[in-house]
2 protein chains.
Amino acid sequence: MPALPALDSFDLAILDILQRDNTTPQRAIAQAVHLSAPAVQRRIQRLQQTGVIRANVAVIDPEKVGLPLTIMVEVHLENERPDRTAPLRSRIAAEGAVQQCYSVTGEADYLLVVNVASMADYEALTRRLFEGDDNVRRFRTSVSLGCLKAGLQVPLGGGGPA
Amino acid sequence: MPALPALDSFDLAILDILQRDNTTPQRAIAQAVHLSAPAVQRRIQRLQQTGVIRANVAVIDPEKVGLPLTIMVEVHLENERPDRTAPLRSRIAAEGAVQQCYSVTGEADYLLVVNVASMADYEALTRRLFEGDDNVRRFRTSVSLGCLKAGLQVPLGGGGPA
DNA sequence: TCTGAAATTTTACATCA
DNA sequence: TGATGTAAAATTTCAGA
């Protein structure tokens, strides 16, 4: 991946459009940012090659694909050493229902955002993730009542039981 | 928005491709799911009209646009009544740095995920969001040390100080 | 930057369930 | 009636000058 040569205001303007709607024709983008269409095309290509644009994806409504529950899980560990956390991280990576997973400072060690079809599925998920792992001290569950802002991906039969 | 007529396995297969890469040519999708390109096109159009596909976006790497810090904020309120929370929700909506905001059950009332350039910017953000709001009892900050899974949007000069 | 070729998306129409 | 497939038209993307 090539080094990224400092983004200028044109790049930022293009990114701002693409992150809202990446189906916007380059011609329309060109007009909006006052550049020619080929210039826009060159910049987009470079933004992708340098990894500024990490991916182009469709955002799916979890509710409409049978996953009405969004749940936040705070995980508290005994030990943060990589070799002690590796098994858990591996299980997290394997669970499609886990949309996001951050390693964090503060009281908790991990914060997960998961999408599931039911509380029964959620309980099964927590058993698969945490049960029998001595390094997991405890976890705290917060069920989402709705989101004011969000945009992420959804597992479609690829992960745990949907 | 028309009612959604139960997704079949074709729809799920198409969604599974699009949520990974929505630049995949319809011809390639058609071949993968064993349908014709126009059939795929019609299904995609219907998925968008029914809101199953909420948006088509470019995923931007926050670090590469000058926002290296991802921070989780738990907000504890005095009162959850909509008329008491409306001002805060309005400020949250206006801050581009706030990537995600969920209303949650449990100890906290809101969970925010924000992207900022520096801790100074973060402190300025918390002042704008919380200072002077009697309904905000307290908030708890967790700085992300890295994410194992994630995909979301980034503010590009539209929100707070970048 | 502009122009032209290649590819893709989109539409129209006939067919089948 | 609704959905699919084939073929053609309109855009868009991409390479060359």
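Everything numeric here is computed off the predicted structure, so don't read it as measured data. Hydrogens, waters and symmetry mates are skipped; everything else that's a heavy atom, side chains included, is used. Throughout, protein chains are lettered first and strands after them, A, B, ... in sequence-line order, and every chain is numbered starting at 1.
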### Check ion pair Asp11(B)-Lys64(A) (N to O, under 4.0 angstrom)
no
### Message
Nearest whole Å is fine: how far is dA3(D) P from Asp11(B) CG?
### Response
11 Å
### Query
Is Val57(B) close to Asp21(A) at the side-chain level, that is, under 4.5 Å between some pair of heavy atoms?
no
### Message
Counting only heavy atoms not in Asp134(B) (residues, nucleotides, ligands), do more than 12 fall under 6.0 Å from its CG?
### Response
no
### Query
Whole Å only: how far is the CD1 atom of Ile44(A) from the C1' atom of dC14(D)?
12 Å
### Query
What's the CD-C1' distance between Gln45(A) and dA15(D), to the nearest Å?
11 Å
### Nucleotide dC14(D), atom C1' - distance to CD1 of Ile29(A) in whole Å
15 Å
#### Entry: Asp109(A) and Arg137(A) ion-paired at < 4.0 Å
no
### Task
In whole angstrom, give the distance that lies between atom CD of Gln26(B) and atom C1' of dT4(D).
15 Å
### Message
Looking at Arg138(A) and Glu74(A), is any side-chain nitrogen of the basic one under 4.0 Å from a carboxylate oxygen of the acidic one?
### Response
no
### Task
Verify the distance criterion only: is there a donor paired with an acceptor across the side chains of Ser142(A) and Tyr102(B) at less than 3.5 Å?
no
So which protein N/O to nucleotides 5-9 of chain D N/O distances come out below 3.5 Å?
from: dG5(D); atom 1: OP2; to: Ser36(B); atom 2: N; distance (Å): 2.8
from: dG5(D); atom 1: OP2; to: Ser36(B); atom 2: OG; distance (Å): 3.0
from: dG5(D); atom 1: N7; to: Arg42(B); atom 2: NH2; distance (Å): 3.2

### Query
If you measure only the distance, is there a donor-acceptor pair under 3.5 Å linking the side chains of Thr23(A) and Asn56(B)?
no
#### Entry: Length of the line joining Gln31(B):CD and dT4(D):C1', which is rounded to integer Å
18 Å
### Message
With a strict under 4.0 Å distance from non-hydrogen atoms of chain A, what nucleotide opens and what nucleotide closes the contacted stretch of DNA chain C, reading 5' to 3'?
### Response
dT1(C) to dC2(C)
#### Entry: Atom pair distance, as rounded to whole Å: CD in Gln41(A) and C1' in dA15(D)
9 Å
### Message
For the CG atom of Leu145(A) and the CD atom of Glu80(B), what is their distance to the nearest 0.5 Å?
### Response
7.5 Å
